[in-house]
Every structure is written in structure tokens, then in C-alpha cells.
Chemist: 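Dropping a structure here in C-alpha cells format, bear with me for questions.
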Amino acid sequence: MIKNTALGAFLLISSFFFAQNTAMSGAEAKAFVSQVSSEAKEIKTLQADFTQTKKMDFLDKSIITSGRMSLKTPNTLSWKYTKPYQYGIVFKDNKIFINDQGKKSSVDAKSKTFEKINKLIVGSSNGQMFNDPEFSVSYFKNATSNIAKFTPKTAQLLKYIKQIELHFPKNQATVSQVNMTEASGDTTNIIFKNTKINAPIAASEFSL
């Protein structure tokens, strides 16, 4: 449950994006990475509402949930699901704190797959995700977005994740959509809206 939810949370980030994607040239990819990395360094806090759609082979219907994501640099991240149930996950101090409808627990995230996932999510706000040695990255574009596709390099991550796509609207440094394909073939798609950058975030958002 914890693994599926943590992966789903990140992946954490919407329905599949079927627009025509073309590979960026080397110069385009370099310019894109430079722009996002530069602008992301100015982000101290990030908050957005999200809708998550998870498709699993053994279910006829997709599982749709929604909630709010809050991030505070350098490495504090909160996912709080509010519909159709209450579920919260906070990544903080190398630990994962969980509140499953009132049942609270924690997991040591250091040196575990969760740490890598958390690192990539946080990295999307500061531009460091492009330098993560755990992933190889390829770059694409379409009429509305620039797309970075992350493929795990390690056997540990490949047990869980086949590929992660981060979608950046043109001329923006923040992620608007994340698509994840798990090793099983299940997919998790999340779309963000009402994104707020560097607005005050209450401390309660990072507690359960």
C-alpha cells in the first residue's frame, strides 16, 4: 500500500498526453535545461491542487483521486489526498510520514527507493532532477509543452518504474503534468492546477 501510494503520489503527476511529440535537438535540450534550472533556483515554496488518475490492468475503471501538493525547499514535500478519501504523505528529514484516515505511521526513507522518488520530485522544483545519476533523460516537445522523459538506470528502481514523464508548459519552469509507467504496466497520471510559487505555506501542511 505504501509503495503504491508513494509511487502514485509522485508519480508521481492527468490523462495521457496524445499531442504529437518530437525529439529536441541537442541545442534545444540544452537551452530548455538551462532555462528550467535557472528559474527553478528561485523557487522556495510550491503549492498546487492535483488530480491523479491510476489505471491498473486488473480493474475495469480508473482510480481517480484529488488533493493538494505542497513543497518547501530544500527537501520537504507533502501530498494530501482529500477525495474520495483522506490520505496524507509527508517526506521530511529522510523519513516518510503517513496518515491513512487517522492511522499514522512512518518509514525510514534513507537509502531506499522512496528517497530516490522524493529526490526527483523535489528536483523538479530546483532544476536538479536533470542531473540525477539514477536516471537517463531524453527531451521532447510539442505545440504546448516541453517534456523530459526519465528512465531508471538501476535495477532497484526498474523493479517499480519503467518511465516518468515531466511536462513543462512552454516558457514555464514548473511541472504541470507527470505521467508514470510502472514496471507492471500500470500507469499513474497527475495534472496540477492552481499552482502558487513562493507563496506562504502553513506549517500544518507538512504535519499529519
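All heavy atoms count here, side chains included; hydrogens, waters and symmetry mates do not.
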Chemist: Taking the side chain from Thr187 and the backbone from Thr181, do they hold a donor-acceptor pair closer than 3.5 Å?
Modeler: no
Chemist: Lys159 and Ala183: which non-hydrogen atoms are nearest, and at how many Å?
Modeler: O-CB, 3.5 Å
Chemist: Could you go through Leu157 and Glu134, starting from their C-alpha distance and side-chain angles, then the distance that decides it, and tell me whether this counts as side-chain contact (heavy atoms from CB on, under 4.5 Å)?
Modeler: CA-CA 8 Å; Leu157 279 179; Glu134 301 287 344; 4.0 Å; yes
Chemist: How long is the span from the NZ atom in Lys104 to the CG atom in Asn99, to the nearest 0.5 Å?
Modeler: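 It is 5.5 Å, given to the nearest 0.5 Å.
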Chemist: Rounded to the nearest 0.5 Å, how far apart are OG of Ser176 and CG of Leu166?
Modeler: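 Spacing of OG (Ser176) from CG (Leu166) equals 9.5 Å.
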Chemist: Would you check, one step at a time, whether the test side-chain contact (heavy atoms from CB on, under 4.5 Å) holds for Leu208 with Lys80?
Modeler: CA-CA 9 Å; Leu208 298 174; Lys80 292 189 176 179; 3.9 Å; yes
Chemist: Does Phe97 offer a backbone N or O that forms a donor-acceptor pair with the side chain of Ser106 under 3.5 Å?
Modeler: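 It does not hold such a pair.
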Chemist: Passes side-chain contact (heavy atoms from CB on, under 4.5 Å), Tyr139 versus Val33? Steps please.
Modeler: CA-CA 9 Å; Tyr139 302 95; Val33 170; 3.4 Å; yes
Chemist: With rounding to the nearest 0.5 angstrom, report the CD to OG1 distance, Glu42 to Thr73.
Modeler: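 Nearest 0.5 Å value for the CD-OG1 distance: 10.5 Å.
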Chemist: Output yes when a side-chain donor or acceptor of Asp57 lies under 3.5 Å from a complementary backbone atom of Asp186, and no otherwise.
Modeler: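 A pair under 3.5 Å: no.
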Chemist: For the residue pair Ser25 and Glu28, what are the closest heavy atoms and their distance?
Modeler: N-OE1, 2.8 Å
Chemist: Where do Met180 and Asn189 come nearest, in terms of heavy atoms and distance?
Modeler: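 Closest heavy-atom pair between Met180 and Asn189: N-OD1, 4.3 Å.
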Chemist: When you compare the side chain of Asn142 with that of Gln20, does any pair of heavy atoms fall below 4.5 Å?
Modeler: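 Of all side-chain heavy-atom pairs linking Asn142 with Gln20, none is under 4.5 Å.
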Chemist: Could you tell me whether the side chain of Met24 reaches within less than 4.5 Å of the side chain of Asn146, counting heavy atoms only?
Modeler: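 Yes. Closest side-chain heavy atoms under 4.5 Å.
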Chemist: Side-chain contact, heavy-atom cut-off 4.5 Å: Lys141 with Lys170?
Modeler: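 Yes; the side chains approach each other to less than 4.5 Å.
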Chemist: Specify whether Phe168 and Phe130 have parallel, tilted or perpendicular ring planes, treating 30° as the upper limit for parallel and 60° as the lower limit for perpendicular.
Modeler: tilted
Chemist: Holding to side-chain hydrogen bond (donor to acceptor under 3.5 Å, both in side chains), I want the full list of residues that pass it with Gln86, two or more places apart in sequence or in another chain.
Modeler: none
Chemist: Looking at every non-hydrogen atom in both residues, tell me the closest pair between Thr53 and Ser62 and how far apart they are.
Modeler: CG2-CB, 3.7 Å
Chemist: I'd like to know whether NZ of Lys162 has more than 12 heavy-atom contacts from other residues, nucleotides or ligands below 6.0 angstrom.
Modeler: no
Chemist: Could you state whether Phe206 and Tyr87 fall into the same hydrophobic cluster, counting links through intermediate Ile, Leu, Val, Met, Phe, Trp or Tyr residues with side-chain heavy atoms under 4.5 angstrom apart?
Modeler: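 In one cluster with Phe206: Tyr87, no.
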Chemist: Flag the pair Thr65 / Tyr85 as yes when at least one side-chain heavy-atom distance between them is below 4.5 Å, and no otherwise.
Modeler: yes
Chemist: What pairs with Ser34 under side chain to side chain contact (heavy atoms under 4.5 Å, CB included), at least two apart in sequence or on another chain?
Modeler: none
Chemist: What's the shortest heavy-atom distance between Pro84 and Ile64, and which atoms?
Modeler: CD-O, 3.7 Å
Chemist: Would you mind listing every side chain to side chain donor-acceptor pair (under 3.5 Å) that reaches into residues 197-208, with sequence neighbours excluded?
Modeler: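 Only Arg68-Glu205 qualify under side chain to side chain donor-acceptor pair (under 3.5 Å).
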Chemist: So which atom in Leu46 and which in Ile201 form the shortest heavy-atom distance, rounded to 0.1 Å?
Modeler: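 Taking every non-hydrogen atom into account, O-CD1, 3.8 Å.
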Chemist: Roughly how far, to the nearest 0.5 Å, is CD of Gln35 from CD of Gln172?
Modeler: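 CD of Gln35 is found 9.5 Å from CD of Gln172.
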Chemist: Could you give the distance from NZ (Lys72) to CD1 (Ile43), rounded to the nearest 0.5 Å?
Modeler: 15.5 Å
Chemist: Find out whether Leu77 and Met69 are in side-chain contact, i.e. whether some heavy atom of one side chain is under 4.5 Å from a heavy atom of the other.
Modeler: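 Yes, side chains in contact.
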Chemist: Test your reading of the model: is there a side-chain donor-acceptor pair from Asn21 to the backbone of Phe140, 3.5 Å cut-off?
Modeler: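 Pair absent, no side-chain N/O of Asn21 close to backbone of Phe140.
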Chemist: With clusters defined by side-chain heavy atoms of hydrophobic residues (ILVMFWY) lying less than 4.5 Å apart, directly or transitively, does Leu71 cluster with Val90?
Modeler: no
Chemist: Apply side-chain hydrogen bond (donor to acceptor under 3.5 Å, both in side chains) to residues Thr188 and Lys54 and explain how you reach the verdict.
Modeler: CA-CA 4 Å; Thr188 300; Lys54 187 172 181 65; 3.2 Å; yes
Chemist: Answer yes if Phe32 and Val137 sit in the same cluster of Ile, Leu, Val, Met, Phe, Trp and Tyr residues linked by side chain heavy atoms under 4.5 Å apart, and no otherwise.
Modeler: yes
Chemist: Should Ile190 and Gln52 be marked as a side-chain contact (heavy atoms from CB on, under 4.5 Å) after you check the CA-CA gap, both sets of side-chain angles, and the distance that decides it?
Modeler: CA-CA 4 Å; Ile190 304 176; Gln52 174 180 305; 3.5 Å; yes
